[in-house]
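Below is one structure, written out as structure tokens; comments come after it.
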Amino acid sequence: MHPDFRQPVRGMRDLLPDEAWTLRFIEKNARQLAELYGYEEVITPIIEYYDLLAAKIGEENRRRMYVFEDLGGRKVALRPEFTASIARLVATKMASSPKPIRLFSIGSLYRYDEPQLGRYREFWQANYELIGSSKPEADAEVLSLTIDFLEGVGLKDYVLKVNHIGILRSILGREGMHEERQNIIMQYLDKKDLDGAIRAAEEYGVSNKCLKSLKNLFSIKVDDKDEFVKKIGNEVICEYPEAEESLRNLSDIIDLVKGWVTNAKFYFEASFARGLEYYTGIIFETYVPELNIAVGGGGRYDRLIEIFGGGEIPAVGVALGVDRIMIAMEKQRVNPPKTRRARVLVIPIGESNIAEAFKISAMLRRHNIPAEVEVMRRSLSRALSDASRRNITHTVIVGSRELSEGKIILRDMRSETQETIKIEDLLDKIPS
Ligand code: HAM
């Protein structure tokens, strides 16, 4: 037996009732949002073929996958994200579904990341994919959904970091750089190692003009979209006209979002890249000031579905990290509402009244009122003090004397008042 078996495996966590409550609160919000935006839920397996998951996930993420051979000798892995599974689904079972397709998923994912606050080996995502449109309004919808998600759980202070991967790819592509080498540069950028990215570009023999453009590009970080467009336009685009299209696309998307979302804060960073390799268009991550790791991320991926044999189907999506949103809520002092519903404890006085107590609790539950029975055979006073400790709103005391007249004692735990009432009047007295 492993010496540490009393603790969860490193990187895994137990969620105690309060944490589980918050997680489910976020899940409930995520689900409501999906419904409001017309995203239908799909449930895909936790275990998929390694090759599917590894296809375009990027070197860093690939190395962090939980990979194993199942008993049938298949090389499989625990899913590190939803997007590959969704792309598989769209390329196969939903290939002929009318477009656009809007899909929502929520569940646990697995990455062998180095554990720290907000970084776990098992974590949860709420994932939204909009499939079938290459138009900027599709990207804008996903951005506005992201903002509504953060607002919906009660976060007020957040920022969206944005870039367009097409800008960098067109520059490197113009230099004739193979996609795999481009990906290596993106990995450096994802780790914020700008020097590493420049060194790699040098090593791959890019022109001096390109190196200069990259250095200029990497220094551009601004809050204002128009300034971003202007700076990139002035310093880079004149040399690489292909990048212009990407920049215009980014600009169109942000203009659209700003047309109906007035409270969002953006931040534009030209050296920002994501570890996942499938992105082809806008990329973004969302941050709260209290955490230096992203609470969500997404972007456009127009060529992933075709890898799985689905033809050229453009798509854009986002995943919000539920665990990190939990931390952000705590830091911004957002408390998920606790239920205000009644919660009843039925206390039998003496063994002979246990069956009656169970009958009453069953009647309450049938009417959708949460009810528990005192099963520890504690004295009345101890059962009552336990009830107030556990936020029970009402107790029903089932004693022989009252029962002989078809009555029970109903105690309101908040006002500490009680009355003897007929059993049939109980439902009217407890707010459901
Ligand atoms: P991602 O940026 O890898 O994107 O993950 C999205 C979010 O999941 C992160 O922003 C973070 O909140 C959360 N997350 C990632 N790793 C961990 C971890 N080890 N512990 C806790 N939370 C974590 C994707 O997964 C893409 N599939 C998103 C997407 C959907 N792009 C297009 N559609």
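Whatever order the structure lists them in is the order used to number ligands and atoms, beginning at 1.
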*Indicate whether any N or O donor in one side chain lies under 3.5 Å from an N or O acceptor in the other, for E175 and Y240.*
yes
*Between the side chains of E122 and Y66, is a donor N or O closer than 3.5 angstrom to an acceptor N or O?*
no
*Among residues two or more places apart or on two chains, list those pairs meeting salt bridge (charged side-chain N to carboxylate O under 4.0 Å, His left out) that have a residue in residues 261-290.*
R62-E277, D157-K265, R274-E285
Can you give the donor-acceptor pairs under 3.5 Å from side chains of residues 89-97 to other protein atoms, not counting sequence neighbours?
residue : atom : partner : partner atom : Å
T92     : OG1  : R88     : O            : 2.7
T92     : OG1  : L89     : O            : 3.4
S97     : OG   : M94     : O            : 3.2

Please list every donor-acceptor pair under 3.5 Å in which a side-chain atom of residues 316-323 meets a protein atom from a residue at least two apart or in another chain.
residue : atom : partner : partner atom : Å
D323    : OD1  : W124    : N            : 2.7
D323    : OD2  : R13     : NH1          : 3.4
D323    : OD2  : R13     : NH2          : 2.6

_Residues around ligand 1, heavy atom under 4.0 Å from any ligand atom, sorted by chain and number. Can you pull those?_
E81, T83, R111, D113, G118, R119, Y120, F123, Q125, N127, E129, R274, L276, Y278, Y279, A294, V295, G296, G297, G298, G299, Y301, G317, V318, A319, G321, R324
*Using the benzene-type ring in the case of Trp, are the ring centres of Y301 and Y278 under 6.0 Å apart?*
yes
